[in-house]
Amino acid sequence: MRKEIADLIHEAMEQHELARDFYHRLAHRVSHPETREMFEYLAKEAEENKNRLHHCLTPECCPVVPPVHDLHLAEHLKVPEVTEALSPKEALAVAIKRSAGLCRFYQSLLELQPEGEIRRRLEYLARAESSNKEKLENLYDTVAFPEVW
């Protein structure tokens, strides 16, 4: 594997480490037990995403990412102020906005990269983050609109 590709994957893994640490800190900052659980779940998800990216460094390569359906919630959500009284719904809004930012980051890198192995890896990272955002948006739908279920 070329050094540039390995560096790119390591950078993506570091982003998930930062997300894990961010969610872990917030879990200890909020007072609502449900919100704390939500942040602990998000920290665990970030760690699992980092581990999936680690597979991209192995001979087995990256795991398959299923097709994504963007719900476009991120465009309509406002990032709430992070306070001790943050609700689970607000916690998910923070996570969705963070994930949407990573999606935009990978897309901007893709636009600059010519065809080749690095572009294929960036496409994988973009799909993986879009899949994570979709999962968060579906979870938000469940938390924000429980009457639908």
Side-chain angles (χ1 to χ4, degrees), residues 5-58 60-113 118-149:
I5 295 170
D7 288 348
L8 179 66
I9 293 168
H10 282 291
E11 176 62 33
M13 290 170 60
E14 187 175 316
Q15 289 299 318
H16 286 285
E17 280 181 37
L18 291 171
R20 179 201 59 210
D21 294 346
F22 173 74
Y23 295 136
H24 187 69
R25 279 193 315 276
L26 289 180
H28 292 288
R29 185 173 173 192
V30 297
S31 60
H32 289 102
E34 295 85 8
T35 307
R36 188 174 302 115
E37 284 178 29
M38 181 64 62
F39 279 128
E40 288 169 355
Y41 167 80
L42 292 170
K44 182 180 171 225
E45 283 287 305
E47 182 66 25
E48 289 174 7
N49 289 336
K50 178 188 157 208
N51 292 337
R52 277 191 282 282
L53 287 172
H54 181 72
H55 286 288
C56 294
L57 298 171
T58 66
E60 294 85 34
C61 205
C62 299
V64 174
V65 177
V68 176
H69 177 72
D70 191 349
L71 298 177
H72 298 284
L73 284 178
E75 294 89 344
H76 304 287
L77 294 175
K78 291 191 167 97
V79 178
E81 182 181 345
V82 177
T83 67
E84 186 179 298
L86 202 66
S87 72
K89 178 180 166 183
E90 292 169 322
L92 281 168
V94 169
I96 290 168
K97 284 293 200 176
R98 185 179 181 94
S99 185
L102 275 175
C103 288
R104 285 190 305 276
F105 170 72
Y106 289 130
Q107 275 306 126
S108 67
L109 289 179
L110 266 171
E111 291 169 9
L112 300 172
Q113 191 61 44
I118 293 175
R119 183 176 178 87
R120 286 190 299 278
R121 295 300 174 117
L122 280 170
E123 288 168 344
Y124 171 81
L125 294 173
R127 279 192 318 274
E129 192 56 44
S130 293
S131 177
N132 183 53
K133 180 177 163 280
E134 176 188 39
K135 185 176 186 179
L136 292 170
E137 288 177 334
N138 284 325
L139 190 55
Y140 181 90
D141 249 358
T142 303
V143 170
F145 307 107
E147 64 277 2
V148 174
W149 301 100

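What you see below is based on every heavy atom in this structure, not just the backbone, and it leaves out hydrogens, waters and symmetry mates.
Counting only distance, with no hydrogens or angles, the side chain of Ser130 and the backbone of Val68 share no donor-acceptor pair below 3.5 Å. Judged by distance alone, the side chain of Thr142 and the main-chain N or O of Asn138 form a donor-acceptor pair under 3.5 Å. Between the side chain of Arg20 and the main chain of Ala43, no donor-acceptor pair closer than 3.5 Å is present.
Nearest heavy atom pair, residue Gln107 against residue Ala126, reads OE1-CB, 3.9 Å. Contact detail for Arg121 and Cys56: the closest heavy-atom pair is NH1-O, 3.1 Å. Across Val82 and Arg29, no two heavy atoms sit closer than the pair O-NH2, 3.2 Å. Here the closest heavy-atom approach between residue Leu73 and residue Glu137 is recorded as N-OE2, 3.1 Å. Between Gln113 and Arg119, the shortest heavy-atom contact is O-NH1, 2.9 Å. For Thr35 against Ser87, the heavy-atom pair with the smallest separation is OG1-C, 3.1 Å.
Annotation: side chain of Asp7 is not in contact with side chain of Glu11 (no heavy-atom distance under 4.5 Å). Between Lys133 and Leu136 the shortest side-chain heavy-atom distance does not fall below 4.5 Å. Contact check for Arg127 versus Glu123: side-chain heavy atoms found under the 4.5 Å cut-off. By the 4.5 Å heavy-atom criterion applied to side chains, Pro80 and Leu86 are counted as neighbours. No side-chain heavy atom of Tyr23 sits less than 4.5 Å from a side-chain heavy atom of Leu18. Using a 4.5 Å cut-off on side-chain heavy atoms (C-beta onward), Met13 and Asn49 make no contact. Residues Glu47 and His16 form no side-chain contact, since every pair of their non-hydrogen atoms from C-beta on lies 4.5 Å or further apart.
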Test Leu110 against Leu125 for side-chain contact (heavy atoms from CB on, under 4.5 Å), laying out the working first.
CA-CA 10 Å; Leu110 266 171; Leu125 294 173; over 6 Å; no

Donor-acceptor pairs are to be reported for all side-chain atoms of residues 95-106 against protein atoms at under 3.5 Å, with residues two or more places apart or in another chain.
{"from": "Lys97", "atom 1": "NZ", "to": "Ala74", "atom 2": "O", "distance (Å)": "2.7"}
{"from": "Lys97", "atom 1": "NZ", "to": "Leu77", "atom 2": "O", "distance (Å)": "3.0"}
{"from": "Ser99", "atom 1": "OG", "to": "Glu129", "atom 2": "OE2", "distance (Å)": "2.6"}

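Glu48 and Lys44 are joined by a salt bridge, as a carboxylate oxygen and a charged side-chain nitrogen come within less than 4.0 angstrom of each other. Using a 4.0 Å cut-off between charged nitrogen and carboxylate oxygen, Lys135 and Glu45 count as a salt-bridge pair.
The environment of Glu81 atom CD is sparse: at most 12 non-hydrogen atoms of other residues, nucleotides or ligands sit within 6.0 angstrom.
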